[in-house]
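Okay, so here's the structure we're looking at.
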2 protein chains.
Amino acid sequence: MPEAASRPTLEAVAARAGVSRATVSRVVNGEAGVREALAAKVRRAVQELGYVPNRAARSLVTRRHDAVAVVIAEPETRVFGDPFFALQLRGISKELTARDVQLVLLLMEGRDDHERVGRYLAGGHVDGALVFSLHLDDPLPGIIHGAGVPTVFGGRPGWAGGADSVRYVDCDNRGGAHQAVRHLVGLGRRRLAHITGPLDQTSAVDRLDGYRDLVPDAGPELVAEGDFTLAGGERAMRLLLDRRPDVDAVFAANDVSASGALRVLREAGRRVPQDVAVVGFDDMLPVAEQAEPSLTTVRQEIEGMGRLMAAMLLRGHGRVQDAAAGAGEAGPDRVVLPTALVRRESA
Amino acid sequence: MPEAASRPTLEAVAARAGVSRATVSRVVNGEAGVREALAAKVRRAVQELGYVPNRAARSLVTRRHDAVAVVIAEPETRVFGDPFFALQLRGISKELTARDVQLVLLLMEGRDDHERVGRYLAGGHVDGALVFSLHLDDPLPGIIHGAGVPTVFGGRPGWAGGADSVRYVDCDNRGGAHQAVRHLVGLGRRRLAHITGPLDQTSAVDRLDGYRDLVPDAGPELVAEGDFTLAGGERAMRLLLDRRPDVDAVFAANDVSASGALRVLREAGRRVPQDVAVVGFDDMLPVAEQAEPSLTTVRQEIEGMGRLMAAMLLRGHGRVQDAAAGAGEAGPDRVVLPTALVRRESA
DNA sequence: ATGAAAGCGCTAACAG
DNA sequence: CTGTTAGCGCTTTCAT
């Protein structure tokens with residue numbers, strides 16, 4: 001692969017504008033205190049030469065990289081069929097773009113990848129990391145902590161004490177579950193089942209807890225473990241139908257598994273919502289709106305969470321903000337976003 | 001955001017190992033010609049100090065970045081609900097990871113983003129770019145060409161002469177369409193409709209051409225324009241049903257729009273495949289397998305295409321390869337991958 | 001085979 | 001306000 005063509009340097013711009021390198025640097029970085037006449041000359045020279053700063057050179061001295069890593073501890077097949085991942089990325093990308101920070105994507109497939117990712121993060125090549133989809137026994141947090149990389153987690157961390165010691169953004173999973181169950185109960189349903197997510201993730205555990213809060217007398221046969229996938233939802237629904245043919249409502253831990261449930265219910269000849277009411281979680285539009293019947297669900301602001309995570313990570317980053325801050329607009333280290341019930345046809 | 005903690009430098013390693021910086025550099029970069037005794041000392045020092053090379057410093061002198069940009073000219077809402085994007089990314093990520101090259105993700109939402117992306121690419125911050133989802137009038141290729149960034153496109157470029165002047169990886173869209181149509185004809189169908197993709201993308205045009213090749217006498221009322229989305233597929237199917245209630249087969253340009261068609265057919269009381277046979281394109285597993293009925297489709301190797309693109313871009317990249325190459329293992333600049341029909345229930 | 005020295009392009013004191 | 005100067009950490013001739 002050929003190298004990029006050599007580009008004009010600060011030096012060249014300085015020569016052309018008849019000023020020193022330092023002045024050009026100031027103008028390029030938008031520092032105040034350069035006479036407008038000179039600044040204009042510099043800008044013209046930049047324009048004419050098509051000058052673009054060399055990031056490597058800049059990083060070398062500033063020790064900043066204007067790049068953050070997004071780490072997705074990809075839970076197997078889940079990334080597919082569930083646009084969750086894409087939505088998060090979109091939110092993050094928007095925020096980073098606005099601040100002219102690059103997004104370095106680190107996908108992890110297997111266990112060996114942990115070491116690689118850890119090494120990269122520890123290498124100090126990015127200004128921070130955004131980490132998702134952590135599982136309970138994941139070694140990554142330890143590695144990250146050791147490396148001292150500023151990090152914001154997507155979803156409350158599950159390890160002991162984790163939630164108090166790190167920064168994260170989450171939605172109110174437990175409260176959202178309450179909204180779902182309350183709605184179902186309000187509909188007059190009495191035999192409420194729950195299809196969980198993978199129980200090594202806090203989001204799934206919290207939703208289960210929320211369900212239990214309001215259905216304390218639910219027998220274990222009313223809870224079936226899923227994994228946030230369609231197939232998992234189907235499997236769980238079959239189990240549920242098998243164990244409790246009289247079930248009249250299902251709260252699924254996400255929309256994708258809810259559509260799996262819908263499918264099985266239809267196959268089993270149950271009408272939704274007449275025979276069985278179904279509520280999902282996420283409000284993943286293409287899934288929830290297109291389900292048959294369309295899905296009543298608990299909405300969480302996924303794209304917004306992505307943006308927020310990026311904003312939190314970059315707080316105090318950048319020249320302009322640095323100046324503006326200082327006062328004490330620190331902002332919280334942990335944010336839990338509210339959820340909202342979205343009514344459609346399934347419940 | 002705090003700066004990354006200061007890490008040991010080459011200098012520190014050299015001091016510890018009692019050698020010069022140059023020697024450490026050689027060992028770290030795996031260059032031959034260092035006595036094993038010394039090399040061992042250096043490696044131990046590296047280990048003990050936890051030394052990780054500073055990429056910025058390295059880039060500054062080598063003018064390489066060990067990073068490539070992935071540009072997704074995101075066609076609106078399509079990225080959602082269609083795991084296409086995630087699969088490509090996965091393939092690319094695998095290949096890059098294996099070569100220790102970072103993936104910088106550039107998502108584009110609106111037109112303004114073109115300028116930003118162009119500027120970034122032109123800035124020479126990455127060693128190359130992988131570009132997807134280009135539309136016919138996209139200014140990006142021009143910008144890229146001007147910037148001289150090595151690039152591999154995903155899908156044959158559509159502009160005049162583009163296909164002969166740039167590197168790309170594509171699947172045999174036209175041949176795939178032939179497979180679909182032939183299958184439908186083999187089933188005894190006579191009134192074959194086609195739901196297209198967005199016709200400003202070559203993949204969609206090629207599939208349409210393939211359809212026309214084998215159904216030359218198809219009236220325009222048998223072709224409805226879609227956009228690769230579920231909603232688009234539904235819209236197109238309704239139109240088709242309206243114009244030709246006697247249609248007995250549909251070839252949809254991708255699986256997602258095929259499932260839209262399936263949904264409309266079901267609503268209209270048509271049985272699939274008895275009344276209307278349906279064939280999709282992609283073999284996007286979660287979509288095709290879970291459709292009702294499951295989708296007969298034309299399979300393309302999406303993840304493989306991603307890997308191939310990355311491999312093509314990085315050909316001759318890296319110290320080791322540089323040495324091994326030279327002979328002339330150039331490899332082709334344009335690859336068109338074969339497709340295969342996958343039979344399921346819908347046709 | 002190894003070391004010394006010269007930058008890569010940029011920013012950040014420090015002078016003036 | 002502007003210019004001068006000294007590196008940031010690394011690779012790479014060029015000597016030895």
Side-chain angles (χ1 to χ4, degrees), chain A residues 3-43 45-46 49-66 123-125 127 318-320 322-323, chain B residues 3-43 45-46 49-66 122-125 127 318-319 322-323:
Chain A
E3 292 167 4
S6 93
R7 298 177 295 107
T9 70
L10 241 199
E11 180 93 50
V13 177
R16 175 134 195 161
V19 299
S20 75
R21 301 208 310 269
T23 299
V24 177
S25 175
R26 289 180 186 117
V27 173
V28 167
N29 291 309
E31 277 170 46
V34 175
R35 231 183 325 154
E36 180 48 32
L38 267 200
K41 266 208 261 189
V42 171
R43 277 192 292 267
V46 165
L49 262 34
Y51 169 76
V52 183
N54 179 321
R55 269 177 126 105
R58 180 181 282 172
S59 290
L60 188 55
V61 34
T62 61
R63 281 132 187 292
R64 286 186 15 177
H65 306 267
D66 292 319
H125 306 307
D127 299 324
R319 328 176 161 279
V320 185
D322 272 340
Chain B
E3 292 169 3
S6 93
R7 299 176 294 106
T9 70
L10 241 199
E11 181 93 49
V13 177
R16 176 134 195 160
V19 300
S20 73
R21 303 208 310 269
T23 300
V24 178
S25 174
R26 289 178 186 120
V27 173
V28 168
N29 292 308
E31 277 170 45
V34 176
R35 235 181 323 154
E36 181 47 32
L38 268 200
K41 267 209 260 187
V42 170
R43 276 191 292 266
V46 165
L49 263 32
Y51 169 76
V52 184
N54 179 320
R55 271 177 125 105
R58 180 181 282 171
S59 290
L60 188 54
V61 33
T62 60
R63 281 133 186 295
R64 287 187 15 178
H65 306 266
D66 292 319
H125 306 304
D127 298 325
R319 325 175 164 281
D322 273 340

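Convention: sequence-line order gives letters A, B, ...; per-chain numbering from 1. Source: prediction; values computed, not measured. For the numbers below, each heavy atom of this structure counts, side chains included, while hydrogens, waters and symmetry mates do not.
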Any B:N29 side-chain N or O less than 4.0 Å from OP1/OP2 of D:dT11
yes
Can you tell me how far P of C:dC8 sits from NE2 of B:H125, to the nearest Å?
19 Å
Could you tell me which residues satisfy side-chain contact (heavy atoms from CB on, under 4.5 Å) with B:R26, sequence neighbours excluded, listed by chain and number?
B:A22, B:T23, B:E31, B:V34
When rounded to whole Å, the NE2 to C1' distance for the pair B:H65 and C:dC8 reads 12 Å
Within the pair A:R35 and D:dC1, is there a side-chain N or O less than 4.0 Å away from OP1 or OP2?
no
Starting from P on C:dG7, measure out to CG on B:L60 and report it in whole angstrom.
14 Å
d(CG, A:D66; P, C:dT11) in whole Å:
11 Å
A:R35 meets the salt bridge (Lys or Arg N to Asp or Glu O under 4.0 Å) criterion, sequence neighbours left out, with none
Taking only heavy atoms on the protein side, list every residue of residues 14-22 of chain A lying under 4.0 Å from any atom of DNA chain C, sorted numerically.
A:R21, A:A22
Nearest to the B:Y51 side chain among D:dT2, C:dT11, D:dC10, which nucleotide is it?
D:dC10
Whole angstrom is fine here: how far is it from CG in A:L10 over to C1' in C:dC10?
6 Å
Nearest to the side chain of A:T23, heavy atoms from C-beta on, is which of C:dC8, D:dG3, D:dC10?
D:dG3
Rounded to 10°, the helix from C:dA1-D:dT16 to C:dG16-D:dC1 deviates from straight, judged by its five-pair end axes, by 40°
Under 4.0 Å from OP1 or OP2 of D:dT11: is there any side-chain N or O of B:S25 that close?
yes
Rounded to the nearest 0.5 Å, what's the gap from CZ on B:R58 to CG on A:L60? Could you check?
13.0 Å
Grab the CD-P distance between B:E31 and D:dT13 for me, whole Å please.
10 Å
Looking only at side chains, do B:R63 and A:N54 share a donor and an acceptor under 3.5 Å apart?
no
I'd like to check A:L10 versus A:P53 (side-chain heavy atoms, cut-off strictly below 4.5 Å). Are they in contact?
no
How far does NE2 of B:H65 sit from CZ of B:R55, to the nearest 0.5 angstrom?
11.0 Å
Sequence neighbours excluded, the answer for side-chain contact (heavy atoms from CB on, under 4.5 Å) partners of B:A15 is none
Could you state the atom-to-atom distance from CG of B:L38 to C1' of C:dT2 in whole Å?
8 Å
Could you check whether any side-chain heavy atom of B:L49 comes within less than 4.5 Å of a side-chain heavy atom of B:R7, counting everything from C-beta outward?
no
Please compare B:V34 and A:P53 by the position of their nearest nucleotide in DNA chain C and report the one closer to 5'.
B:V34
Reading DNA chain D from 5' onward, which residue's closest nucleotide shows up sooner: B:R26 or B:V52?
B:V52
In terms of side-chain geometry, is the basic nitrogen of B:K41 or B:E36 positioned less than 4.0 Å from the acidic oxygen of its partner?
no
So the salt bridge (Lys or Arg N to Asp or Glu O under 4.0 Å) pairs with at least one residue in residues 12-25 of chain A (sequence neighbours excluded) are A:E11-A:R21, A:R16-A:E48
Below the 4.0 Å mark, does C:dG9 have OP1 or OP2 next to a side-chain nitrogen or oxygen of B:R63?
yes
Given atom CZ of A:R55 and atom P of C:dC8, what is their separation to the nearest angstrom?
22 Å
